[in-house]
Amino acid sequence: MEGKDRSVVTNRAPRPIAESVVTETAEKTPRYAWVIWLVTFLISFAAPMAQFKIVSIPLYFIYVPGVSPAGCFGLDASGFGMLMTMVSLIGIVLAFPAAFICRKLGLRNTIALSAVGVIVGGLIEIAGGNNVATMMVGRFLEGTGIGLAGVSAPTLITLWFPDKTRGFALGLWCCWVPLSITLDSMICPPLAAAIGWQGVFGVVVAFAVVALILFWVFYKVPEGEGANYNVEGTFSECLGLLKNPQIWLLGLVFLVFIIGQTGIVNTYLPTFLQSAQPVGWGWSEALAGTGLAIVTGISIVANPLGGSVTARLPHRLKRIVPVAVAISYLICFYLLFQNGNETLTWVGIVLMGICGGFGGGGLRPLAPAIMNKSAMAATMGMAVMQFAQCLGNCFSPIYGGLIDGGATYWDACLYTIIPLSVIMLVAAFFIRPGKNSPVRDK
């Protein structure tokens, strides 16, 4: 049987991201793989939970006359965007080194380090009180969570899941961002009302501590084998794996997706919904949080579905996913941020949830499909996606600056995400995983 399994493997493309006894043989998914998935997801989840905790209680940080509570930080929309950007700055720096760090420190230490950044950053924020500079430092340190977990966590998951279940497992893991935003939107407003914003931050720190302990206790790789990256050499030599233009086209598509999803919707939708008419709809904090929670809640279901669809599509048709996301963006941003018909806003909320899920869960699996000449090449492909994610997160101050300058929320979209979506659509048409790689075109 072993010989038969390996003969099957030799007719396939090189294994993506990392290799183990599970990925080298065509066996069923081990039961312990789901234990690993759970603890890896929990520790990954702590990073976006920390990143988006302020989005659920924006009025404690951004000043809205007559609405913000006493003790508000008093930031304008651009300053609030900078709080989101600070989390992403270190992620930009770590995106490509993260793959190399995994190889040097090991997956266990790298993933654990992502949680340590969340814990230390949160404690600094709590200790600093309403000091903006301290808050910025804490947010910067929290960014290590996104920067390291975004590359190392899918590598560990891939060690445990064979081909037939890997797409679903990775798509399910991609729920780390929408699920964190959904839970933040549901629990942070009442927590803040009861124990203040610092209490909210303390809950996030406590969650990260528990997740770190569980991960450290249950961590294991298949039969004691580590990740085989199939490459030796320096970090600069690893960068040489990124010569495939296909991965940069995918990175451009993912960058625009993140600009729209995180830089605009996840950051400013609650503020728009709470702003009084004619700027927004004047919703309560709870109802605005529900609106964002619906976006991310739908994405939770759509993420693994998007991953499964991407995995099942023939290589020549996989570009359907990024093309569909680009076309959806050209429609749903108008529906979300127009202020003439409240019903259309609800339609936009649902459409953005579907689009966000397919964008998050459907685009990431394309990276190893493109970068499959070696396991390390695929990991570097995931680093491109993480770099695009962190860079896209930095867009928040630009959009916020337009709002501060007097633009309506829709006008700000018309100046930014709409033309960018056209660029994304063009780039998506040229994406064809497998064209410049050993993958067979089905």
Working to the nearest 0.5 angstrom, can you tell me the gap between [X] [atom1] and [Y] [atom2]?
X	Y	atom1	atom2	result
L273	L269	CG	CG	4.0 Å
S88	F387	OG	CZ	11.5 Å
Q198	L191	CD	CG	13.5 Å
N266	D184	CG	CG	10.5 Å
L250	I431	CG	CD1	5.0 Å
L242	W248	CG	CH2	5.5 Å

Without swapping roles, check the side chain of [X] against the backbone of [Y] for a donor-acceptor pair under 3.5 Å.
X	Y	value
T262	I259	no
Q261	I258	no
R108	W216	yes
N339	P278	yes
D404	S78	yes
Q51	M84	no
S396	G263	yes
T267	I264	no
D411	A407	no
T310	G362	yes

Do you know the tightest heavy-atom contact between [X] and [Y]?
X	Y	result
V253	P322	CG1-CB, 3.9 Å
N244	I247	O-CG2, 3.0 Å
G291	I349	O-CG2, 3.5 Å
A50	V118	CB-CG1, 3.8 Å
S56	P58	C-CD, 3.3 Å
Q389	F254	CB-CE2, 3.9 Å

Review point. Among pairs that include at least one residue of residues 138-161, which meet salt bridge (Lys or Arg N to Asp or Glu O under 4.0 Å), considering only residues two or more places apart or in two chains?
Key: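 Qualifying pairs, neighbours excluded: K53-E142, R139-E142.
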Kindly state whether the ring of [X] and the ring of [Y] have centres lying under 6.0 angstrom apart.
X	Y	answer
Y268	F272	no
F41	W176	no
W34	F161	yes

Can [X] and [Y] be counted as having a side-chain donor-acceptor contact under 3.5 angstrom?
X	Y	answer
T182	T296	yes
W197	E125	no
T345	W281	yes

Exercise for review: Please check if atom CE in M136 has more than 12 non-hydrogen atoms from other residues, nucleotides or ligands closer than 6.0 Å.
Suggested key: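 Atom CE in M136 is crowded, with more than 12 foreign heavy atoms closer than 6.0 Å.
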Review point. In terms of the angle between their ring planes, are F395 and Y399 parallel, tilted or perpendicular, with boundaries placed at 30° and 60°?
Key: tilted
Exercise for review: Identify the residue among N130, I54, V55, V132 that makes a side chain to side chain contact (heavy atoms under 4.5 Å, CB included) with F61.
Suggested key: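 That would be I54; it is the only one of N130, I54, V55, V132 passing the side chain to side chain contact (heavy atoms under 4.5 Å, CB included) with F61.
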